[in-house]
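Everything below concerns the one structure shown next.
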Amino acid sequence: MTQEGYNPRILGFFCHWCCYAAADSAGVSRYQYPPNVRVIRVMCTGRIDVRFILEAFKCGADGVFTGG
Amino acid sequence: MSKAGAIMVLGGGIAGVQTALDLADLGYYVYLVEKKPYIGGVMAQLDKTFPTNDCAI
Amino acid sequence: MYCPRPIADVYNERLDITRATHIDFPQAIPTSYYIDPKACLRVNYQTCNLCAQTCTAGAIDFSQKPKNLKLKVGSVILAPGFGRVSHDVLEKFGYGRYPDVVTSYEFERLTCASGPTEGHLIRPSDHTTPKKIAFLQCIGSRDVTCDNGYCSSVCCMYAIKEASVAKEHEPDLDISLFFMDVRTQGKGFDAARKRAEEKYGFNVIRARVPKIDQIDSQLALTWTTDDGQSHSDLFDMVVLSVGLDAPEDAHAIADIAGIELNSYDFCKTSHGAPLSTTKKGVYVAGAFQGPKDIPESVTQASGVAAIASELLKEGRGTQTVTITYPEEDKALEEEEPRIGVFVCHCGVNIAGVVDVKAVRDYAASLPNVAYYEDTLYSCSQDALKAIAEKVKENRLNRVVIAACSPRTHEPLFQETLRSIGLNPALFEMANIRDQCAWVHAQEPEEATQKSKDLVRMAVAKARLLEPLAQPTVDVTPKALVLGGGAAGMTVALSIADQGFETILVEKSKELGGNLRKLTWTVDGQDARKILKDLIKKVEKHPKIDIMLEAELESTSGYVGNFTSTVSKGGKTEMVNHGVLVIATGGEEHKPKGYCYGESRQVVTQLELEQKIAKGKSAFKTTKNVVMIQCVGSRGEDLQHCSRLCCTQAVKNALKIKELKPETNVYIFYRDMRTYGFAEDLYREARQKGVIFLRYTPDQKPEVVKQGRGIKVNAYDRLLGEDISIPANLVVLSTGIAPGENENLSKLLKVPLTQEGFFLEAHAKLRPVEVAVDGIYLCGLAHGPKGLEEAVSQAKAAAAKAAIPLVKGKVAVEPIVSHIDKATCIGCGICATLCPFNAIQMVKDGKRKKAETITASCKGCGICASHCPVLAINMGGFTDEEIFAQIHAFSPEGCGEELEAEKK
């Protein structure tokens, strides 16, 4: 992505039990992926309020990723 | 003679690990003995489990 | 990384290469490198030493020597698992000679995304993708030629699983599975098998393939089906579904522990006491007790814990370690946030990619950061001590550690905070290793920037962190057990033997349940004696209060504090209890058709058992006995397989043969599911002349009346023609139907399966717990099973139920939801959405208000995100904290919100 000039800023909401754990596993396995995501850990994606997503866009996010 | 409060569990596969966890929860000191450098036994080698194909690890 | 010694990767079934210094798999616990002493150059030749020199933490010490420890223990639990079927057996099927004949272990690794081929299914011979695969079952199982006469009980399931996974990888694969019998008798397994067969279109063939030949690059299989026809076909790859053998060192274990083995070198046990070895104080769980799959192993594991706990109750808590903490410094916590930021190098793990010092200096520029530092390994003992000192020295009241994952390390750092009088909730982590340095190894600049962003977000949250109370709830030290059958009595006895009062509620007028109808156990013990002994022990036990002809009316409360009303003879009684066990049983299914109820010569297996109990005279005029399996089960009236009927039929057939050897016994079956050691009975029955005839659901045997007698009409597959057997006695294997569970299910809010049995919390790992904390499950109420399994399960439920009773307190996670009563409008959305029944609506003046049952809350936050008036907040994950993180996501901040927040 970076090479092509488009460098989006993505905010991620990761569920503690699955997506956050998977992201840790990706690290342990040394999988490589683009460094565009910043992560907020929540205990469950059920915690995610629509207001959080809107706020993220308001704060300059080009994309919001929720994983659970 | 007072009874011991410690128990030895031989084998760190799914059965041994579960026994150790429950014994610790029941107030006993547990020695978990395993040959391999990791716990989990054969289950740690499985990719998925039947029938839900949940990840075994 | 520096280890120069390559070795075969045993974890990956030698399909890959690793080094003498390695971690077997990323999730391994402990996640530390292991040096294989057999391969290490330093250990064997005193050369190399490269790893010790390069380890910056100095964690490798070759001067360590093995030590012998002498430990004093009150009990020994044997759980060594199972061994592998010998190479000789595999060689009979060309393994080792033909590269594309692989074991199921190898196939498992070949289809695993983290395996040697990253989940790409390839043929070992030429690395091409196979198009046609055959699975051969019963390799090293049900095979007396290799001394493994038993059924391994797991291979049918894993073969279907591996075949399904393979189809997911390669949808065009053509897969044939060769079964002798399809033995998917586990709870929900038959339905899963059917779904898989339909979804993936497997060719299910009932035949045993005797051997394999290689023709050019393909493998030739020849087999005979039960209609006498011979077939052959070519495959690209053959998977050998190898069975479970006794552990290789079974004899050594037996000698050391002083226990006896059975004829197959598994641990010797009995059906009435399945977890006890021949030596008191030594118990067994898992596959060493007999081949079994994960849920049964987990069940036995918990069960054996209960037995040890009964034995050693006086020693309980005498050797455990309790940690004490200093008082919390409330004044310091209330001061303006003074945040300490510690950025970890994790050796080269983080610092090799991320500019740690730049991140540390960046942290210094953030608001409220009063102290900052970088540490080499922040989780090492000395670093933790240093962090604690810095926190005290600088009167810090919030701590941010930028290092690895909070999933693994948060408790460790929180412990450090507690040890110096700070609330553990005043802590936040930035994951700059697992989710940054490790995954952006080639982009150091971006990784450093990401680390700074993550630290900024963590600091923003840390500024708003509040200390959280760590509430505990007292537990009423009493158990309520529903059901007085074998399972219920075993549970009650175990809990009482562990030292707790137990109330046993039985709806009929006597104890015993279905066990009253059994005469012998499968392993030939006197079932009536087992029953008598059990009842005597229960009745005599001072801690067991038996309530007969009683039923549960209502239950309220939560784990540790339940209140139930039990009705007995028109009167109701209130009981307080900390835990509840469902052991309400099931019943023998009463079928329609098959002339059942119309002719006295048509009976069920349990009715037959009563007849056998009367002795030889009951069979004076009996010449022909015909048994029909799966009457009711597997799709007739009941969808499920009842698991025990095949073994029960064979057991009874053998009894008839024993009483009157000249009797002809025919058994019509679909798949004989005599799993485990019961396979021996099946073989014995064949040897003694019991005639087994397979039928398919579209050609079921019919029972018809003929004058005063009856006959069975059926299709004989081998002869290829219809047959008619005049019978003196027709015995129907009718299976197990669930009891009347709907009411209890509603009462306790414990869900049922489609078949009407109670649903466990997790099919594999939490087999005796249910969705509601403090309620446990065992026996036929969980699903059909024989006595041996019911007893193990009852013991397991007793262990799980005793845990809160032993602890005396239930700890409540501080991350639970908090409802602001003043704001709550009582709409009830949260209570409906809560997956854990952790919100109740309570009267507050005229209106209803929501209230969190903190002991049941898991902190998921669904309630908070759906509350229309924002009355709910989550401990450690408040709206304000998450908004602060979102605002800090942008390096420039979100101006107006930042201002608003400060106000």
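Source: prediction; values computed, not measured. The sequence lines fix the lettering, A, B, ..., with proteins before strands; numbering per chain opens at 1. Both backbone and side-chain heavy atoms feed into the values below; hydrogens, waters and symmetry mates do not.
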| note | Heavy atoms of C:Phe889 and A:Gly60 approach each other most closely as CE2-C, 4.3 Å

| note | Ranking C:Ala441, C:Ser890, C:Ser865, C:Ala888 by heavy-atom pairs under 4.5 Å to chain A gives rank one to C:Ser865

| Nearest-0.5 Å distance that lies between atom OG1 in A:Thr45 and atom CD1 in C:Ile862 | 7.5 Å

| From C:Glu881 atom CD to A:Ile40 atom CD1, the distance as rounded to the nearest 0.5 Å | 11.5 Å

| Is it the backbone or the side chain of A:Phe14 that comes under 4.5 Å from a heavy atom of chain C, or both, or neither? | side chain

| said: Can you tell me how far apart CZ (C:Phe883) and SG (A:Cys59) are? Round to the nearest 0.5 Å. | reply: 9.5 Å

| request: I would like to know whether C:Asp453 and A:Arg9 meet side chain to side chain contact (heavy atoms under 4.5 Å, CB included); could you show each step before the answer? | output: CA-CA 11 Å; C:Asp453 292 349; A:Arg9 290 179 52 76; 3.9 Å; yes

| query | Could you give the distance from NZ (A:Lys58) to NE2 (C:His887), rounded to the nearest 0.5 Å? | reply | 7.0 Å

| said: Taking the side chain as everything from C-beta on, heavy atoms only, tell me whether A:Val42 gets closer than 4.5 Å to C:Ile882. | reply: yes

| request: Would you give the length of the straight line joining atom CD of C:Gln885 to atom CZ of A:Arg41, rounded to the nearest 0.5 angstrom? | output: 9.0 Å

| task | Before giving the answer on side chain to side chain contact (heavy atoms under 4.5 Å, CB included), spell out for A:Arg47 and C:Met874 the whole-Å C-alpha distance, their side-chain angles and the decisive distance to 0.1 Å. | result | CA-CA 9 Å; A:Arg47 174 72 188 95; C:Met874 306 303 298; 3.2 Å; yes

| field | Smallest separation among heavy atoms of C:Asp879 and A:Arg51, with atom names | value | OD2-NH2, 2.7 Å

| query | What part of C:Asn349 gets closer than 4.5 Å to chain A, counting heavy atoms only: side chain, backbone, both or neither? | reply | side chain

| More than 12 non-hydrogen atoms from neighbouring residues, nucleotides or ligands closer than 6.0 Å to CD on C:Gln470, yes or no? | yes

| Hey, does C:Glu446 have a side-chain heavy atom less than 4.5 Å from the side chain of A:Asn7? | no

| message | Taking every non-hydrogen pair under 4.5 Å, which of C:Gln442, C:Lys461, C:Met457, C:His866 racks up the most with chain A? | response | C:Met457

| Under a 4.5 Å heavy-atom cut-off, does chain C meet the side chain of A:Ile10, its backbone, both or neither? | backbone

| Is it the side chain or the backbone of C:Ala113 that comes within 4.5 Å of chain A heavy atoms, both, or neither? | backbone

| field | chain C contact via A:Leu11 - side chain, backbone, both or neither, heavy atoms under 4.5 Å | value | both

| Between C:Arg433 and A:Asp24, is there a salt bridge with N-O shorter than 4.0 Å? | no

| Among A:Ser25, A:Cys15, A:Ala23, which residue forms the greatest number of heavy-atom pairs with chain C at distances under 4.5 Å? | A:Ala23

| field | Heavy atoms of other groups near A:Leu54 CG, more than 12 under 6.0 Å | value | yes

| query | After noting the C-alpha distance and the side-chain angles of A:Phe13 and C:Ile886, does the key distance pass the side chain to side chain contact (heavy atoms under 4.5 Å, CB included) rule? | reply | CA-CA 10 Å; A:Phe13 291 96; C:Ile886 299 169; 3.9 Å; yes

| query | For A:Gln32 and C:Val439, which heavy atoms make the closest approach, and how far apart are they? | reply | OE1-O, 2.9 Å

| task | Answer with side chain, backbone, both or neither: which region of A:Val50 has an atom nearer than 4.5 Å to a non-hydrogen atom of chain C? | result | neither

| task | Heavy-atom distances under 4.5 Å only: say whether C:Ile815 touches chain A with side chain, backbone, both or neither. | result | side chain

| task | Could you look at C:Leu870 and say if it's the side chain, the backbone, both or neither that has a heavy atom under 4.5 Å from chain A? | result | side chain

| field | Rounded distance (nearest 0.5 Å) linking atom OH of A:Tyr33 with atom CD of C:Glu443 | value | 11.0 Å

| Which heavy-atom pair separates A:Pro35 from C:Lys450 by the least distance, and what is that distance? | O-CD, 4.4 Å

